[in-house]
Amino acid sequence: MQVSGQKIVVLGTGGTIAGTSAQAGDNIGYTAAQVGVEQLLTAVPGLQALAGGALVAEQVAQIDSKDMDGEVWRTLSLRCAHHLNDSEVRGVVITHGTDTLEETAWFLHEVLDAAKPVVLTCAMRPATALTPDGPQNLLDAVATVLAPGATGVLAVAAGEVHGARHVQKVHPYRVNAFSSGDAGPLGWVEESVVRWACNSPVVPVNNTVGAMNNIVSAATWPWVEIVMNHAGASGRAVDALVREGVQGLVVACTGNGTIHHDLEAALVRAQNAGVRVVRSTRCAEGQLLPKPGDALPASQGLSPVKARVALMLDLLRMHCCLLYTSDAADE
Ligand code: SIN
């Protein structure tokens with residue numbers, strides 16, 4: 001893959017970065033996804049200059065990211081793949097709401113062959129705030145695309161560069177709302193220069209062969225829900241989901257993968273009935289350590305929301321494999 005292009009494509013999806021409020025000082029009573037991406041870029045002094053006048057804007061969606069869904073992901077991943085394949089393109093920036101940014105980042109990491117940087121950015125304050133954080137985040141995202149060695153799916157906010165695997169929104173209000181927990185950020189953006197935490201950024205680039213084909217050919221997304229263990233948990237919600245035809249369940253377990261015995265019994269019943277069940281932990285930091293003899297498989301270090309994305313993609317892959325196999329048998 002040639003990484004010599006100059007164009008930087010900015011794909012807009014909405015979020016608070018594109019939000020407006022009636023009163024300039026109001027940082028919570030606003031409506032997300034109001035300002036077009038083209039207008040967002042124009043409003044940031046020095047942004048085009050930093051990008052060498054090579055910024056190209058494209059509106060992919062205009063939503064509050066709480067409403068993010070498989071159809072927007074399908075469109076977004078196809079537009080990313082299209083631009084990444086263009087030798088004129090140096091990298092892609094995605095403006096996104098903070099609420100589900102980590103899920104989109106992990107989804108894109110799993111499906112794109114991102115040898116070039118794909119940088120998600122966002123804001124905690126609307127565009128109309130007295131001191132909005134979106135403009136600086138946009139500048140930092142473009143600086144990250146331009147940074148030597150930048151590759152893979154990254155998230156940039158509040159001067160930090162995070163990798164798709166560990167990034168998590170950890171605060172509902174403050175401007176530095178993201179953390180990579182024990183892993184820490186991959187780097188920092190300082191006056192438009194990225195200082196990587198290591199000598200060279202180690203961002204694993206995913207090469208999920210066929211994932212994009214599966215996304216294109218699938219008519220619907222597999223139905224995967226998240227259930228949580230808690231004091232007094234029962235198995236009734238799980239039994240009801242299985243009756244309704246759920247295909248996968250991620251359990252946000254307590255601690256190191258523990259589950260109330262009633263809920264666990266329902267999950268084992270679900271697994272025996274053919275539903276894929278994966279355990280993650282509801283702990284904000286660290287990851288679940290599986291042990292021999294566990295009745296339910298673990299999420300390989302993924303948080304519940306990212307484990308859900310991984311399970312959806314795995315079910316999609318299995319579904320498409322079955323389709324290809326039966327098509328081949330018919331020929
Ligand atoms: C959203 O996620 O779209 C709204 C909240 C935010 O961007 O901070």
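Just so you know, ligand 1 is whichever comes first in the structure, and atom 1 is the first atom listed for that ligand.
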Return the residue, atom name and 0.1 Å-rounded distance of the protein heavy atom closest to [atom].
atom                   : value
atom 8 (O) of ligand 1 : Thr98 OG1, 2.5 Å
atom 5 (C) of ligand 1 : Thr16 OG1, 3.0 Å
atom 2 (O) of ligand 1 : Ser65 OG, 2.6 Å

Taking [X] for its side chain and [Y] for its backbone only, find out whether a donor-acceptor pair lies under 3.5 Å.
X      : Y      : answer
Asp294 : Pro297 : no
Asn256 : Leu289 : yes
Thr100 : Ser65  : yes

Taking the six-membered ring for Trp, are Phe178 and His162 parallel (under 30°), tilted (30 to 60°) or perpendicular (over 60°)? tilted
Any N or O on Thr100 sitting closer than 3.5 Å to an N or O of ligand 1? no
Quick one: does Lys66 get an N or O within less than 3.5 Å of an N or O on ligand 1? no
State the atoms of ligand 1, each with its element, that fall below the 4.0 Å cut-off from a heavy-atom position in Ala123. 6 (C), 7 (O), 8 (O)
Between His166 and Glu102: side-chain donor-acceptor atoms closer than 3.5 Å: no
